[in-house]
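Taking it in order: structure first as structure tokens, then the write-up.
Read the numbers this way: they start at 1 and go in the same order the structure lists the ligands and their atoms.
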Amino acid sequence: MPRIAIIPGDGVGPEIIEAVLPVLEAASDKHGIPLELKFYEAGDLTKERRGAALPSDTFEGVRKADATLMVAIGETAREVILPLRQKLDLYVNLRPAKSYPVPNAVQGFHVTIVRENTEGLYVRAGWSSEYAALDLRVITRHGSERIARFGYRYAKENGLSRVYVVHKANVLRGCQLFREVCHRIAEEEGFEYREMYVDAAAMRLAMDRPFDLIITTNMFGDILADLAAAYIGGLGMYPSGNIGEDNAIFEPVHGTAPDIAGKGIANPMATILSAAMMFRWLGFVRVADDIERAVWKACEMGYTTPDVGGKMRAREVGNKILELLSSSNHKDV
Ligand code: IPM
Ligand code: MG
């Protein structure tokens, strides 16, 4: 029985989890995959109450679970998601930006960002004084190899051929190493090596999108992912996975949305699609396909929240997706 840790977090997190849990349960019932769900706390309120944004029982719960579904962490995100990524060595940040049929998405947009998730500018080593500050950017051969390997293999498994390595090797030493390593891995994995500078890639992402998949370093991936979100209807539609060798945390790309927190109108689809990614990673491919189909159908029917043109509340969207899931006959596991 898959053991799943759930972290609702701050802001819209708890109301999104309320809308998403019934969908998770319906999917697991329908496909006969009982889940063991355990809830953990993390984030701003946890820090206020317990003095730590990521208490050790939460860390241990995530470490021992087969996978984790987390929603959003507020001001303390840095103290929660960054140590989880680094200590659990979740070196891949997989961000498939695929448009669903909502009016504010560019139809047919499908670019997957494979972002290195443990090093780069996120090592948070540096120094600062009143006059200057320094952030170290660490790029290692090992880190570059494994992210490139993951990216090309993922592309192969998913029939994505136009794979670009995105860097800034005309300026940065780390990117020169990254590029050299990625070039070799591309050849080993049987891909034509293609590359682009990150500034040009940002423009091309907005223009003609010559890529199916981008392999890039940590901060570049962070920025390009939010740009990609603009083409799929916004962050409310964007799922992600922080993936390591034997552990993974799935989370929507969005944050706590303090402007709408408590109103019940936050879009639960990014979290539902993250749950689908989680099922896929756990090996329950048909459950994942089934959830994604139900979300697609809900979008077609206009069962959506206001950020993507609808009028429904998060819980109503969750209930509609649950109904679509329960009434469709894709039961084959
Ligand atoms: C993301 C977020 C995080 C990041 C923040 C909250 C630390 O922007 O997951 O993209 O920069 O990685
Ligand atoms: Mg980000």
* E116: partners by side chain to side chain donor-acceptor pair (under 3.5 Å), with sequence neighbours left out ->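 Result, side chain to side chain donor-acceptor pair (under 3.5 Å) vs E116: T118.
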Name each N or O atom in ligand 1 that is under 3.5 Å from a protein N or O, and give the partner atom and the distance.
unit_1, atom_1, unit_2, atom_2, d
ligand 1, 8 (O), D222, OD1, 3.3
ligand 1, 9 (O), R85, NH2, 2.9
ligand 1, 9 (O), R95, NH2, 2.8
ligand 1, 10 (O), R95, NH1, 3.0
ligand 1, 10 (O), R95, NH2, 3.1
ligand 1, 10 (O), R115, NH1, 3.3
ligand 1, 10 (O), D222, OD1, 2.9
ligand 1, 11 (O), Y122, OH, 2.6
ligand 1, 12 (O), R85, NH1, 2.8
ligand 1, 12 (O), R115, NH1, 3.4
ligand 1, 12 (O), R115, NH2, 2.8

Identify whether NZ of Lys or CZ of Arg in R137 sits under 6.0 Å from the centre of the six-membered ring of F220 and within 45° of that ring's axis.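 Judged by the rule, R137 and F220 form a cation-pi pair.
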query = Can a cation-pi geometry be assigned to R146 and Y91, taking NZ or CZ under 6.0 Å from the six-membered ring centre and within 45° of the ring axis?
reply =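 Satisfied, under 6.0 Å and within 45°.
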Heavy-atom closest pair, residues E79 and A53: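 Reported closest heavy-atom pair: OE1-CB, 3.9 Å.
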Verify whether the ring centers belonging to F178 and H167 lie closer than 6.0 Å.
->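 F178 vs H167: aromatic centres not under 6.0 Å.
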Original post:
Remaining members of M203's ILVMFWY cluster at a side-chain heavy-atom cut-off under 4.5 Å?
Top reply: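 M203 shares its hydrophobic cluster with M207.
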Query raised in the report: Taking the six-membered ring for Trp, are W281 and F250 parallel (under 30°), tilted (30 to 60°) or perpendicular (over 60°)?
Result: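 Taking F250 first and then W281, their aromatic rings sit tilted (interplane angle of 30° to 60°).
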_Over 12 non-hydrogen atoms of neighbours within 6.0 angstrom of NZ in K156_ =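 Result for NZ/K156: enclosed.
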Point to revise | Contacts of the Mg ion (ligand 2) with protein N/O/S atoms, counting only those under 2.8 Å | key: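 Listed by chain and number, the nearby protein N, O or S atoms are D222 OD1.
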salt_bridge(R280, D289) N-O dist < 4.0 Å
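Yes, R280 and D289 are salt-bridged.
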